[in-house]
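The block underneath contains the structure these notes are about, expressed in structure tokens.
What you are looking at is a predicted structure, and each value in this text was computed from that prediction instead of being measured.
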Amino acid sequence: MKDFLDRDPVNPRNILIGGLLVLLAGLIIILFLFSGGAGIDADTPVYDDGVLKTTISYSGDDSPDVWVQYNIFRQDGMFFSTQIGGTHSFKETLTKGNTLSECPVELEAGEYKIFLYISSYEDNPKRLAGYIRTIQIA
């Protein structure tokens, strides 16, 4: 029986290969957990004649009904902002490709932060996506 100090040293190559295999397995598990869902993305809103218009891109095959919520804040300085109205909510039906969401609101010239939330349309809605976009109105 070999003494602990007399045994053969561990080959560093085996440790490196084992570590890489564990890392690869972890990446595969993460990709598996986060793949397969339909993707939702929103462009930067455009303000045109009293209407805030946002293009929402959807990659799913179904056509779900969703809540699109706008929280609009005027930037009054580096650390100050004022909310414009309350939460503006609209029911939209997403289709594969682009869906145009429109929020009628009166905005003056200035810089605004738009908090855009997309939630499922059900009794207990789940947030599907959320975005913060900055726009400048001249």
Side-chain angles (χ1 to χ4, degrees):
M1 178 181 238
K2 289 185 176 184
D3 185 69
F4 178 74
L5 296 175
D6 292 334
R7 67 181 199 164
D8 294 332
V10 177
N11 186 345
R13 183 174 180 222
N14 290 342
I15 293 174
L16 179 64
I17 291 173
L20 290 174
L21 287 174
V22 169
L23 181 65
L24 180 62
L27 288 174
I28 290 171
I29 290 170
I30 289 171
L31 287 174
F32 178 72
L33 291 175
F34 291 104
S35 66
I40 299 175
D41 193 20
D43 290 341
T44 300
V46 175
Y47 186 70
D48 183 30
D49 198 27
V51 179
L52 196 59
K53 299 176 182 180
T54 307
T55 301
I56 300 171
S57 300
Y58 178 67
S59 64
D61 291 327
D62 54 342
S63 296
D65 290 331
V66 297
W67 281 115
V68 178
Q69 299 173 324
Y70 293 84
N71 289 321
I72 304 166
F73 291 85
R74 179 185 171 89
Q75 296 305 115
D76 298 323
M78 177 80 72
F79 300 107
F80 300 102
S81 61
T82 304
Q83 185 168 5
I84 306 299
T87 298
H88 307 274
S89 299
F90 304 95
K91 179 185 171 198
E92 301 284 354
T93 300
L94 298 180
T95 56
K96 188 170 188 168
N98 294 331
T99 301
L100 183 64
S101 176
E102 297 183 348
C103 176
V105 61
E106 288 300 319
L107 301 177
E108 299 173 0
E111 182 177 337
Y112 293 86
K113 290 233 185 265
I114 312 297
F115 292 78
L116 180 68
Y117 303 108
I118 301 170
S119 303
S120 60
Y121 186 79
E122 52 191 37
D123 289 336
N124 294 319
K126 297 176 191 94
R127 183 168 294 166
L128 304 174
Y131 305 94
I132 301 173
R133 302 289 194 242
T134 302
I135 64 170
Q136 185 76 34
I137 298 175

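The only option from Leu128, Asp65, Ile40 that meets the side-chain contact (heavy atoms from CB on, under 4.5 Å) definition with Leu94 turns out to be Ile40.
Cluster annotation: Val105 is connected to Tyr131 through the hydrophobic network of ILVMFWY side chains, with a link wherever side-chain heavy atoms come within less than 4.5 Å. Residues Ile114 and Ile84 fall within the same hydrophobic cluster, defined by Ile, Leu, Val, Met, Phe, Trp and Tyr side chains chained together at heavy-atom separations under 4.5 Å. Ile28 and Leu21 sit in two unconnected hydrophobic clusters of ILVMFWY residues. Membership requires side-chain heavy atoms under 4.5 Å apart, directly or through other members. Clustering ILVMFWY residues whenever any of their side-chain heavy atoms sit less than 4.5 angstrom apart, transitively, puts Ile72 in a cluster other than the one holding Val46. Hydrophobic clustering (side-chain heavy atoms under 4.5 Å, transitive across Ile, Leu, Val, Met, Phe, Trp, Tyr) groups Leu107 together with Leu116.
Going from atom CD1 of Ile132 over to atom OG1 of Thr44 covers 12.5 Å, rounded to the nearest 0.5 Å. To the nearest 0.5 Å, the span separating OG1 on Thr82 from CZ on Phe73 amounts to 9.5 Å. Going from atom CZ of Phe90 over to atom CD of Glu92 covers 8.0 Å, rounded to the nearest 0.5 Å.
Counting only heavy atoms from C-beta outward, the side chains of Tyr112 and Ile137 approach each other to under 4.5 Å. Between Val66 and Ile56, every side-chain heavy-atom pair lies at or beyond the 4.5 Å cut-off. Side-chain contact between Glu106 and Tyr47 is present, with heavy atoms from C-beta onward closer than 4.5 Å. Counting heavy atoms from C-beta on, the side chains of Asn124 and Lys126 never come closer than 4.5 Å.
Checked by atom type, the side-chain pair Thr55/Asn98 shows no donor-acceptor distance below 3.5 Å. Counted by atom type alone, Tyr70 and Thr54 present one or more donor-acceptor pairs between their side chains at under 3.5 Å. Side-chain N/O atoms of Tyr117 and Thr87 include no donor and acceptor closer than 3.5 Å.
Nearest heavy atom pair, residue Ser120 against residue Pro125, reads O-CB, 3.1 Å. The two residues Asn71 and Gly86 come nearest to each other via the heavy atoms OD1-O, 4.2 Å. Taking every heavy atom of both residues into account, Ser81 and Gln75 meet most closely at CB-OE1, 3.5 Å. Pro45 and Ile135 get closest at one heavy-atom pair: O-CG2, 3.3 Å. Nearest heavy-atom pair across Glu102 and Pro104 is O-CD, 3.8 Å. Contact detail for Arg74 and Ala109: the closest heavy-atom pair is NH1-O, 2.8 Å.
Side-chain atoms of Tyr58 never come within 3.5 Å of backbone atoms of Thr93 as a donor-acceptor pair (strictly under, hydrogens ignored). Remark: the backbone N or O of Lys91 is not paired with any side-chain donor or acceptor of Tyr121 at under 3.5 angstrom.
In Gln136, the CD atom is crowded: over 12 heavy atoms of neighbouring residues, nucleotides or ligands sit closer than 6.0 Å.
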